[in-house]
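Letters go in sequence order (proteins before strands), and every chain restarts at 1. The shown structure was predicted, so the numbers you read here are calculated from the model rather than taken from an experiment.
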Protein chains: 2
Amino acid sequence: MKLSTRSRYGVRAMYELASKYGKGPITLKSIAEKQGISESYLEQLLVSLRNAGLIKSSRGAQGGYQLTKDPKDIRIGDIIRILEGPIAPTECVITEETDCRNADKCVTRLIWKEVKESLEGVLDSITLQDMCDKAKGKMIN
Amino acid sequence: MKLSTRSRYGVRAMYELASKYGKGPITLKSIAEKQGISESYLEQLLVSLRNAGLIKSSRGAQGGYQLTKDPKDIRIGDIIRILEGPIAPTECVITEETDCRNADKCVTRLIWKEVKESLEGVLDSITLQDMCDKAKGKMIN
DNA sequence: TAAAATCCAATCGAATTACTCGGAATTAAA
DNA sequence: TTTAATTCCGAGTAATTCGATTGGATTTTA
């Protein structure tokens, strides 16, 4: 039940971009330095996030990356889905349908479904904005 | 965020034992057949579960495995912890303390903590008895 | 004593993960 | 116009994990 480093690094990088939202492009290099992540590895993650439309890039000198939308509109779940696929503890609950012909197996499937829903509930309830707020101690919760 | 087959197989095997609780030892072979799991692989899982005290074994002919306690006292979370370690999405939230000296990283840590708590909440709220009840359609929920 | 079981330790192949490398392309600034 | 900064892209690789197998050894019942 561990998250991959893709997700963990990705969330940190996105938080970094969120904290500088509206201030122009941020370089890969500076994100990597600030978060202590390998540049070349982080680059791959940013490419995925860009292809998915969560961030945009500008090439050349003074280039870099920035969010395509407001931090309050980007959920942690969005980032994780892009970087490591569907949020589900098992293959059989990725979609609603299943080819679960064995009744016994289906009993366990009910559990995995609950787990999935719980996971999505949490991850889709937290936005990058929430993270920024918490960082500044503005969050009561 | 996928569960390993250890956990999935393990829960199914434990469910199998729960459904026959109080009826004497069940053989590895019959569990494996019923659940469509490789015998030799399942054996490893049962050894772990036995060492952890969730099941007990009797050797020799007519031997097999059985639960050490009532199905209502065995939670899915217990099984998963034994078969794949602490229920936590990241290393940094396995224990309460952390060596998180970077404030930025700690913001993400808050999220992983919420995820962990949510996961544990679900997995520790479901017992083997619940699974048996659901299988018989006795559960309203 | 034979058959039915669990026990145990080692091994192994495949897949996945985390990460690196070497340029090519683009852009801004000197 | 050149240079430096930067993203883009595809290939490669080392390490780890995962799922599973193998080959006995031991125990117990019939």
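- For D/dC9, the OP1/OP2 oxygens have a side-chain nitrogen or oxygen of A/Arg50 closer than 4.0 Å.
- Minimum atom distance to the side chain of B/Glu43 is reached by C/dC7, of the listed C/dC7, D/dT22, C/dT20.
- Summary of the strand contacts: A/Gln62 and A/Tyr9 both lie near DNA chain C, and taking for each the nucleotide with the nearest heavy atom, the more 5' one is attributed to A/Tyr9.
- One atom, CG of B/Leu46, and another, P of C/dC8, lie 13 Å apart when rounded to the nearest Å.
- Between the P atom of D/dC8 and the CG atom of A/Leu49 lies a distance of 12 Å, rounded to the nearest Å.
- Atoms CG (B/Leu83) and P (D/dG19) sit 11 Å apart, rounded to a whole Å.
- For the pair B/Pro71/B/Thr127, no side-chain contact is recorded, criterion being any heavy-atom separation below 4.5 Å from C-beta on.
- Looking at A/Gln44, its side chain comes within 3.5 Å of the base of C/dT20 through a donor and an acceptor atom.
- Side-chain atoms of B/Arg59 come within donor-acceptor range of the base of D/dT26, with a qualifying N/O pair under 3.5 Å.
- When rounded to the nearest whole Å, the span between CD1 of B/Ile37 and P of D/dT21 equals 12 Å.
- Taking side-chain N and O atoms only, A/Tyr41 has no distance below 4.0 Å to OP1 or OP2 of C/dC21.
- Dashed line: the shortest gap from a side-chain N or O of B/Tyr65 to OP1 or OP2 of C/dC7 is under 4.0 Å.
- If you take CG of A/Leu45 and P of D/dC9, they are 15 Å apart, rounded to a whole angstrom.
- Spacing between atom CG of A/Leu28 and atom P of C/dT20 amounts to 12 Å, rounded to whole angstrom units.
- In the model, A/Thr5 has a side-chain atom that pairs as donor or acceptor with a side-chain atom of A/Tyr41 under 3.5 Å.
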- Task: Kindly determine whether A/Lys34 and A/Glu16 satisfy salt bridge (Lys or Arg N to Asp or Glu O under 4.0 Å), including the steps that lead there.
- Result: CA-CA 8 Å; A/Lys34 189 109 181 223; A/Glu16 200 61 31; 3.6 Å; yes
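- What separates NZ of A/Lys56 from P of D/dC8 is a distance of 13 Å, to the nearest Å.
- Listed nucleotides C/dT20, D/dT21, C/dA4 differ in distance to B/Ser40; the shortest reach to its side chain belongs to D/dT21.
- A donor-acceptor pair is defined here as one N or O able to donate and one able to accept, closer than 3.5 Å; such a pair exists between the side chain of A/Glu84 and the backbone of A/Ser4.
- Look at A/Ser57 and you'll find a side-chain N or O under 4.0 angstrom from OP1 or OP2 of D/dC8.
- Between A/Thr5 and C/dA18 there is a side-chain N or O to OP1 or OP2 distance below 4.0 Å.
- Note: CG (B/Leu42) to C1' (C/dC7) measures 14 Å, nearest angstrom.
- For the side-chain contact (heavy atoms from CB on, under 4.5 Å) test with A/Ile74, the passing option among A/Leu49, A/Ile55, A/Ile79 is A/Ile79; the others fail.
- When the nearest nucleotides of DNA chain C are assigned to A/Gly60 and A/Leu3 by heavy-atom distance, the more 5′-ward of the two goes with A/Leu3.
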